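I have placed the structure first, in the form of structure tokens, so that the comments after it can refer back to it.
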Amino acid sequence: MRKVDVFDTTLRDGEQTPGVNLNIIEKIEIAKQLERLGIDIIEAGFPATSKGDWEAVKRITETVKGCSVTGLSRAHRSDIDAAWGALKDSSEPRIHIVIATSPIHMTYKLKKKPDEVLDTAVASVRYAKKFFPKVQFSAEDASRSDWGYLAKVIEAVIDAGAAVVNLPDTVGYTTPSEYGKLFTYIRESVPNIHKVKLSAHCHDDLGMAVANSLAAIEAGVEQIEGTINGIGERAGNAALEEIAVALRIRNDYYQAETGLNLKEIKRSSDMIRKLTGLLVQANKAVVGKNAFAHESGIHQDGVLKEKTTYEIITPEMVGIASNSIVLGKHSGRHAFKKKAESFGYEMDEAQLNEAFREFKALTDRKKEVTDDDIFSILTEKQTSEPDGKRYELISVQVQYGTNHTPTATVALKTPSGNTAEEAATGAGSVEAIYNTLERLIEGNINLEDYQLKSIGGGRDALAESFVRINKDGVPAGGRGTGQDVLEASGQAF
Ligand code: KIV
Ligand code: ZN
């Protein structure tokens, strides 16, 4: 079976999703989860874009040792220098250089002639090669580029030292057979192509990102790029979990496989959903809530008689069946620690104690504590920012009645350590809480998005809330988890 490398760009292309704004701690936790998933290359960010991105790439490079870490760079020396600063301590420093090759991009965006673009591409790969043992070159908007010109650029960048050549379908425009033919054409017309790995990178504007990626694999690419849950610019990127499962289920056809540990798929999907606030549609393949639900009587009957009648993927394969009751009221700290370790979480004593306290409090209120609940508590603890400059919710109380205006009373600990209390009304209970919080928190706050979701099933399920606000022109996202929806909503704000 042929092995296809998996290049994950959740932290770069995925983070370009409008409204997504991950902090460094969250990015590191995601990178650690991607490592557990078995990703070959993590694109951790775009070091030249901001100090925060540079720092995140550097910290991930220092933290993740089980897979290769890379960073994006335009074909500029200053970008390459910034990437080297962030990536030089990696076990195998790798850079991802991009320049557009389509007539539309060259004319209107770059304002460069094709020959100038070719020279810039070659010069930047050559410059990067002085530092980086591995250089990946991407011809942005390759699918709308002239194939003959693309072949010329690729031959030249390989001569300059590129080790991987990526042909992105940047605007999600291509079709499976066309994309496959592009790779075949490049393989047949670039004389030095055997020196590099070819990579595919697809966007989902026409809903074909996964199909196009699989067509590229059929055409022989050795690397596939995408994101968890398919998040990304506009309609998103190819969903890596779908590609990996398709290769596993249809290995008879594709004769190719990834090195992913498929059992980590559900957990990876949950973490991305939780930390980005981007919900997963119920009918999404592989990780959607309904992906393994059988509703029609005929289907249920078939599945009861023989699962394979209507089920081609088992939930266990992607790590879903683990939702059994695992720890309860009588479980001790040692068992809880072991559970955290089995999720791959390494916590210091203080974090572990706090998470354990929360777990114990939950067992008092919730009959069945599942792996999903524990994973949620641990992720929350592991990604919470150190105390200090933040507001802390002390208590929320809401008076609600069908014929009364909801009124909230909220107590907060302010960043200076004082306790402040206020009350306000709203059209609904959540609005009353948010109006009160707005009175208590300094600055101008605009609520842009609010979501509420239950973790797992059952009437005593934990509530998870996500808000996106804009405070004095600065966008930010927040999460809250709680037994009660109002408490979770207040925490998120
Ligand atoms: O879609 C795209 O073209 C990209 C490049 C930076 C590879 O994300
Ligand atoms: Zn992209």
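None of the values given here were measured: they were computed from a predicted structure. Whatever order the structure lists them in is the order used to number ligands and atoms, beginning at 1.
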Working note: Ser268 + Glu264, criterion side-chain hydrogen bond (donor to acceptor under 3.5 Å, both in side chains); need CA distance, chi angles, decisive distance, verdict.
CA-CA 6 Å; Ser268 307; Glu264 288 292 332; 5.1 Å; no

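- Arg77 forms a cation-pi arrangement with Tyr127, by the criterion of a distance under 6.0 Å to the ring centre and an angle within 45° of the ring axis.
- In this structure, His96 counts as a contact residue of ligand 1, since one of its heavy atoms falls inside 4.0 Å of the ligand.
- Asp13 contributes OD2 as its N, O or S atom closest to the Zn ion (ligand 2).
- Around the Zn ion (ligand 2), the angle linking His201 (NE2) with His203 (NE2) is 100°, rounded to 10 degrees.
- Below 4.0 Å from some heavy atom of Pro168 lie the following atoms of ligand 1, by number and element: 2 (C), 3 (O), 7 (C).
- If you run side-chain hydrogen bond (donor to acceptor under 3.5 Å, both in side chains) between Ser199 and each of Glu225, His96, Glu222, only Glu225 comes through.
- Between Glu29 and Lys32 there is a salt bridge, since a side-chain N of the basic residue sits under 4.0 Å from a carboxylate O of the acidic one.
- Nearest to atom 3 (O) of ligand 1 among the protein's heavy atoms is Thr170 OG1, 2.6 Å.
- Looking at Leu452 and Glu464, their side chains never come closer than 4.5 Å, going by heavy atoms from C-beta outward.
- The option from Arg74, Gln136, His203 that lies nearest to atom 1 (O) of ligand 1, judged by heavy atoms, is His203.
- For the pair Arg126 and Phe132, the cation-pi criterion (under 6.0 Å, within 45° of the ring axis) is not fulfilled.
- Nearest to atom 6 (C) of ligand 1 by heavy-atom distance, out of Gln16, Glu140, Arg12, Glu43, is Arg12.
- The shortest heavy-atom distance from Glu233 to ligand 1 is not under 4.0 Å.
- For atom 4 (C) of ligand 1, the closest heavy atom belonging to the protein is His201 NE2, 3.5 Å.
- One finds a salt bridge joining Lys27 and Glu15 here, because a Lys/Arg side-chain nitrogen approaches an Asp/Glu carboxylate oxygen to under 4.0 Å.
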